[in-house]
Visitor: 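Next up is a structure, given as structure tokens.
Because the structure is a prediction, the values reported are computed rather than measured. Scope of the values below: all heavy atoms of this structure, side chains included, with no hydrogens, waters or symmetry mates. Letters go in sequence order (proteins before strands), and every chain restarts at 1.
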Number of protein chains: 2
Amino acid sequence: MSGLRERKKTETRAALSWAAIRLTVTQGFDNVLVEDIAQAVGVSPRTFNNYFSSKAEAIAFRHLDRSRQVAEALRQRPVDEPLWAALIEATLTRFTPGPEVAQSPPGSHTEWVDGLAVMLAEPALQGEMLRASAIAEADLAAAVAERTGTDPERDLYPHLVAASVTAAVNAAIRHFLRADPPVAMERLLPDALAQLAAGLPVPTPR
Amino acid sequence: MSGLRERKKTETRAALSWAAIRLTVTQGFDNVLVEDIAQAVGVSPRTFNNYFSSKAEAIAFRHLDRSRQVAEALRQRPVDEPLWAALIEATLTRFTPGPEVAQSPPGSHTEWVDGLAVMLAEPALQGEMLRASAIAEADLAAAVAERTGTDPERDLYPHLVAASVTAAVNAAIRHFLRADPPVAMERLLPDALAQLAAGLPVPTPR
DNA sequence: CAGAAAAGTGCGTGGCACGCAATATTACGT
DNA sequence: ACGTAATATTGCGTGCCACGCACTTTTCTG
């Protein structure tokens, strides 16, 4: 299965996605042509469309990929760990380095985050990002079902958990992107999921 | 404000959305041209694009519209009602008639539901539907904030609640669309939201 | 090393989203 | 009631995009 062939395909897909993101952040969504992305990776425009059926899908791919890994991470948590503790750890492993802030041009983190925010404001992008979350949600529901002895076919429960966790993660990301005194994902994420696990009681003002 | 002009615009928008849905359900997404939708409403193709920037957006508009009304419904619940009870009632008022099963060709409900399921399987649609939910989510978060004395600008809580409720509603809809012994939304929705309010504990098998 | 399988490419096509300018319709003050 | 301003509708033109198809190139397998 995993010969040179599969590996190269994976790399090309990642390279295309990354190029699409980089170019979009720096130049704006509709100033980037499919042709540009293909050229940046050294591949024909037609090949781009063999990997992704749209610019938006290419950009959303990184999010899809990371979201998928949450299900995988959940499966690797000890089986005797409580569900919600395991969910918190699993999401933390994939969403803490910030939404890929660490790499990129070394200086100017704020520039990069701002660029991301602008990019994510693009209507065409929003739908595709949410769709990526939804696709990964199916994997997560399956993993939750395994851990809780429920059935993804018949039961609502695993889907409900997966959907809620995904929603909480997305809410945390959006909060992260707009928080002016910046807040670390390491705090945001566990807090959000803990509130979920507690039934989202109305907070008492203090 | 609400002169003849506004009213007619609203009607045209609704008519276009409805025509887009009807044609898509009966003929399939890519067998329907923008031209067809425009013609069905008696308007020029160019005008279609004054109302919606894509076929998908036109289809998703009904969902957007209904989702928006949940926030409105929440505001009309008595202020002394507990938050989650109010949320259950608010969602029930807008999502119980089935996802618009009641109207349409009188007979053959299953045909219609199947057609809807096929339509919602379209990738281009999924993103747009989720985006509609996300837009309405902002309204809902504002309404939740009012009711709970929190601040949409600074606090994560109202967004967390709105996102979770939206996720639960969407999960319920998907479950409704695939449940083979059919389950009524009237049961699914309160059940899903009650589980949310209880912190989504792992169900005990019986 | 040869044939099969699969990825990459070039070309052509139909459709879409939208800017712009012209026209038709509605709103409103006098 | 009328004329004018505001707004909606329309037609046209343009650039881009997604994809089917056929062909070439690369990789896998026995």
Side-chain angles (χ1 to χ4, degrees), chain A residues 1-21 23-24 27-61 64 119 121-128 131-132, chain B residues 1-17 19-21 23-24 27-61 64 119 121-129 131-132:
Chain A
M1 317 306 183
S2 74
L4 192 154
R5 214 165 176 133
E6 304 265 347
R7 172 147 298 139
K8 205 164 187 183
K9 242 183 113 124
T10 300
E11 281 172 16
T12 302
R13 177 174 278 110
L16 283 171
S17 179
W18 177 247
I21 293 170
L23 290 174
T24 299
Q27 308 182 219
F29 185 74
D30 8 62
N31 296 325
V32 177
L33 274 46
V34 166
E35 193 186 340
D36 302 333
I37 301 167
Q39 189 170 18
V41 177
V43 102
S44 89
R46 185 62 182 85
T47 294
F48 173 89
N49 272 325
N50 287 343
Y51 283 89
F52 299 110
S53 65
S54 77
K55 237 190 305 180
E57 191 180 295
I59 293 172
F61 174 74
L64 171 62
M119 182 178 85
E122 198 70 32
L125 257 288
Q126 293 172 347
E128 212 52 39
R131 196 169 87 93
Chain B
M1 320 307 175
S2 73
L4 192 153
R5 215 165 178 133
E6 303 264 347
R7 171 151 295 128
K8 206 165 187 184
K9 245 182 108 113
T10 300
E11 281 171 17
T12 303
R13 178 174 278 110
L16 282 171
S17 179
I21 294 170
L23 291 173
T24 300
Q27 309 181 220
F29 185 74
D30 12 57
N31 297 325
V32 177
L33 273 45
V34 166
E35 192 186 340
D36 302 333
I37 301 167
Q39 189 169 18
V41 177
V43 100
S44 89
R46 185 61 182 86
T47 295
F48 173 89
N49 271 326
N50 288 341
Y51 283 89
F52 300 109
S53 66
S54 78
K55 236 192 305 179
E57 192 179 295
I59 293 172
F61 174 74
L64 171 63
M119 182 179 85
E122 199 70 31
L125 258 289
Q126 293 173 347
E128 212 52 40
M129 291 292 279
R131 196 169 87 93

Visitor: If we fit an axis to the first five pairs and another to the last five of the helix from dC1(C)-dG30(D) to dT30(C)-dA1(D), what angle do they make, to the nearest 10°?
Guide: 40°
Visitor: Given the rule in the side-chain contact (heavy atoms from CB on, under 4.5 Å) test, do E128(A) and I59(A) qualify, once you have shown the distances and angles that lead to the verdict?
Guide: CA-CA 8 Å; E128(A) 212 52 39; I59(A) 293 172; over 6 Å; no
Visitor: Please compare F52(B) and K8(B) by the position of their nearest nucleotide in DNA chain C and report the one closer to 5'.
Guide: F52(B)
Visitor: Between C1' on dT10(D) and OH on Y51(B), what's the gap in Å once rounded to a whole number?
Guide: 12 Å
Visitor: Check the phosphate of dA8(D) against K9(B), side-chain N and O only, distance under 4.0 Å to OP1 or OP2. Yes or no?
Guide: yes
Visitor: So, does S44(A) get its side chain near the phosphate of dT9(C), meaning an N or O under 4.0 Å from OP1 or OP2?
Guide: yes
Visitor: Do NZ/NE/NH1/NH2 and the carboxylate oxygens of K9(B) and E6(B) come within less than 4.0 Å?
Guide: no
Visitor: What are the two closest heavy atoms between K55(B) and D30(B), and how far apart are they?
Guide: NZ-CA, 4.3 Å
Visitor: On DNA chain C, compare the nucleotides closest to G42(A) and E35(B); which residue's is nearer the 5' end?
Guide: G42(A)
Visitor: For nucleotides 1-4 of chain D, give me every protein contact, N/O to N/O, under 3.5 Å, one pair per line with atom names.
Guide:
none

Visitor: If you check the V34(A) side chain, which of dT9(C), dT9(D), dC17(D) turns out closest?
Guide: dC17(D)
Visitor: Show each protein N/O and nucleotides 12-14 of chain C N/O combination with a separation under 3.5 Å, one pair to a line.
Guide:
none

Visitor: Using every non-hydrogen atom in the two residues, find where A124(B) and A56(B) come nearest and quote the distance to one decimal.
Guide: O-CB, 3.8 Å
